[in-house]
Amino acid sequence: MKFLLILLLAWPSWAGAEIYQWRDDRGNRHFSDRTSPEAKIVDIKPGYSFYRVKKVFDGDTVLLEDGRKIRLLGINTPEVRHRNEDPQAGGDEAKQWLINKLQNRKVRLETDVEKTDKYKRTLAHLFTENDEHINLQLVGAGLAAVSIYPPNLLHAAELIKAQDQAEQARSGIWQRAEYAAIPIGSLTDQGRAGWMRLAGKVVNIRNSRKYSYLEFSSSRFEARIERKWLPLFPDMNGYLGKEIEVRGWLNKNKNGFSMLIRHPSAIKLR
């Protein structure tokens, strides 16, 4: 039993391994990660720690009672009002949905490769005691957009599928004019703050040591992809000459604007 207890306490490092038990001639039970002729597989269901949410900051950030600030992985919701900034369309709706969903409920965390971000927030997928995937439900309701940052790819396929369905149904932000795709040629010198969608024709692809660039018919804008993440993407040449949409945050540079594309889900063929 002592060996089994150790395995249970150390379960994350044993995930995927089979645990076996058998009895010797004296009737004593034995446990091991190695099989023997009369051994049977032990069905071990790992336990989870659940935490109560103390505060909801916005649609993708919460505070737990233990003091940890959690940033929901794989998604982005519009901003709520900050000290010097007006709220973005849909931000209050996402926050209120999350408040209603988590009221008087506990959650467990599922983390990925990177445990924290540069702001010291814990990065996680949230699940309720009923095993409801909060990140996924926000996307499915059209209250959040998929925003995947490699190497954190856990649940990526599910999130992308849920977003495709929400877009087709024109749910939440997908019915708002504020989040309609903007032609790249219509960008002004001031650009625009926040997450956005831009559409245009790819006319050239160039490479530097660190990035691959998609250049558009409007020379004021380019999309860049870190070369280390290119294996996640289809062949870049497949975008050449195509009308595409890119999604993310606009950055100002000396020649105009650029957008960092972290995952192929941020590029849509039109």
Side-chain angles (χ1 to χ4, degrees), residues 48-112 116-117 119 121-149 152-181 192-197 247-249 263 265-266 268:
Y48 296 110
S49 295
F50 285 88
Y51 309 90
R52 196 171 298 280
V53 174
K54 182 178 181 180
K55 181 178 181 180
V56 173
F57 292 102
D58 54 31
D60 54 36
T61 313
V62 302
L63 179 69
L64 301 183
E65 279 191 335
D66 65 7
R68 282 182 293 171
K69 197 171 185 180
I70 311 299
R71 174 61 168 84
L72 274 62
L73 267 173
I75 71 170
N76 178 70
T77 60
E79 297 295 329
V80 297
R81 183 181 298 279
H82 293 296
R83 187 172 301 174
N84 299 315
E85 296 181 10
D86 291 332
Q88 295 174 349
D92 290 336
E93 288 86 343
K95 178 180 179 180
Q96 191 58 54
W97 183 95
L98 196 56
I99 290 172
N100 294 341
K101 191 70 175 179
L102 300 181
Q103 190 172 19
N104 299 319
R105 304 183 78 174
K106 293 182 179 181
V107 297
R108 66 175 174 89
L109 310 182
E110 197 170 290
T111 57
D112 207 335
T116 58
D117 64 11
Y119 304 109
R121 300 177 298 187
T122 297
L123 301 172
H125 291 267
L126 290 190
F127 291 83
T128 67
E129 292 173 291
N130 295 329
D131 212 33
E132 296 172 291
H133 187 179
I134 297 300
N135 312 45
L136 186 65
Q137 289 192 355
L138 280 160
V139 172
L143 298 170
V146 169
S147 183
I148 297 170
Y149 285 34
N152 303 310
L153 302 175
L154 191 64
H155 300 300
E158 301 158 71
L159 292 170
I160 293 166
K161 181 180 179 180
Q163 177 171 269
D164 288 343
Q165 293 172 344
E167 282 191 69
Q168 291 172 11
R170 294 181 58 79
S171 301
I173 63 173
W174 306 111
Q175 65 179 318
R176 289 182 174 271
E178 295 92 339
Y179 298 106
R192 203 181 85 176
W195 183 91
M196 63 187 305
R197 303 161 63 194
R247 301 172 173 188
W249 287 264
H263 187 267
S265 59
K268 300 284 186 179

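Reckoned from all heavy atoms, side chains included, excluding hydrogens, waters and symmetry mates. Keep in mind it's a predicted model, so treat the numbers as computed, not measured.
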Requested in this report: Please lay out, stage by stage, how I70 and T61 fare under the test side chain to side chain contact (heavy atoms under 4.5 Å, CB included).
Outcome: CA-CA 6 Å; I70 311 299; T61 313; over 6 Å; no

Can you name the side chain to side chain contact (heavy atoms under 4.5 Å, CB included) partners of [X], sequence neighbours left out?
| X | value |
| --- | --- |
| I99 | V56, K95, Q96 |
| I173 | P78, A145, Y179 |
| D66 | Y51, L64, R68 |

Taking side chain as C-beta onward, heavy atoms only, is [X] less than 4.5 Å from [Y]?
| X | Y | answer |
| --- | --- | --- |
| T128 | K106 | no |
| L63 | F57 | yes |
| H125 | H133 | yes |

Least distance between heavy atoms, [X] atom then [Y] atom:
| X | Y | answer |
| --- | --- | --- |
| L109 | A124 | CB-CB, 4.1 Å |
| L138 | G59 | CD1-O, 3.3 Å |
| A141 | S171 | O-CB, 3.8 Å |
| A89 | R176 | CB-NH1, 3.6 Å |

**Report entry** Intermediate values then yes/no, side chain to side chain contact (heavy atoms under 4.5 Å, CB included), L153 and H263
**Finding:** CA-CA 9 Å; L153 302 175; H263 187 267; 3.9 Å; yes

Report task. Scan residues 48-65 for pairs that pass salt bridge (charged side-chain N to carboxylate O under 4.0 Å, His left out), counting only residues two or more places apart or in two chains. Result ->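 Matches after skipping sequence neighbours: D60-R71.
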
Query raised in the report: What residue pairs, at least two apart or across chains, pass salt bridge (charged side-chain N to carboxylate O under 4.0 Å, His left out) with a residue in residues 127-139?
Result: K101-E132, R105-E132, R108-D131

Requested in this report: May I ask you to check whether over 12 heavy atoms, not counting those of R170, lie within 6.0 Å of atom CZ?
Outcome: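 Result for CZ/R170: open.
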
Report task. Flag yes if more than 12 heavy atoms outside K268 fall under 6.0 Å of its NZ atom; otherwise flag no. Result ->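 Counting neighbours around NZ of K268, more than 12 heavy atoms of other residues, nucleotides or ligands fall under 6.0 Å, so yes.
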
Got a sec, which residues hit side chain to side chain donor-acceptor pair (under 3.5 Å) with [X], two or more places apart in sequence or on another chain?
| X | value |
| --- | --- |
| S147 | none |
| D92 | none |
| N152 | E114 |

Just list the side-chain donor-acceptor pairs under 3.5 Å for residues 154-162, sequence neighbours left out, or say none.
residue: H155; atom: ND1; partner: E158; partner atom: OE2; Å: 2.8
residue: H155; atom: NE2; partner: E110; partner atom: OE2; Å: 2.6

With sequence neighbours left out, write down each residue that passes salt bridge (charged side-chain N to carboxylate O under 4.0 Å, His left out) with [X], or none if nothing qualifies.
| X | value |
| --- | --- |
| E79 | none |
| D117 | R121 |
| E167 | R247 |

Requested in this report: Hey, could you give me the CG/CD distance between L143 and E93, rounded to the nearest 0.5 Å?
Outcome: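 Atom-to-atom, L143:CG and E93:CD are 8.0 Å apart.
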
Report summary line: Distance col, row T111:OG1 vs L123:CG, nearest 0.5 angstrom, shows 9.0 Å

Requested in this report: Evaluate the side chain to side chain contact (heavy atoms under 4.5 Å, CB included) criterion for residues Q163 and W174: first the C-alpha distance (whole Å), next the side-chain angles of each, then the deciding distance (0.1 Å), finally the verdict.
Outcome: CA-CA 10 Å; Q163 177 171 269; W174 306 111; 3.6 Å; yes

Requested in this report: Begin from the C-alpha positions of I134 and L98 and carry the test side chain to side chain contact (heavy atoms under 4.5 Å, CB included) through to its verdict.
Outcome: CA-CA 8 Å; I134 297 300; L98 196 56; 3.5 Å; yes

Query raised in the report: For the side chain of N135 and the backbone of L73, is there at least one donor-acceptor N/O pair under 3.5 Å apart?
Result: yes

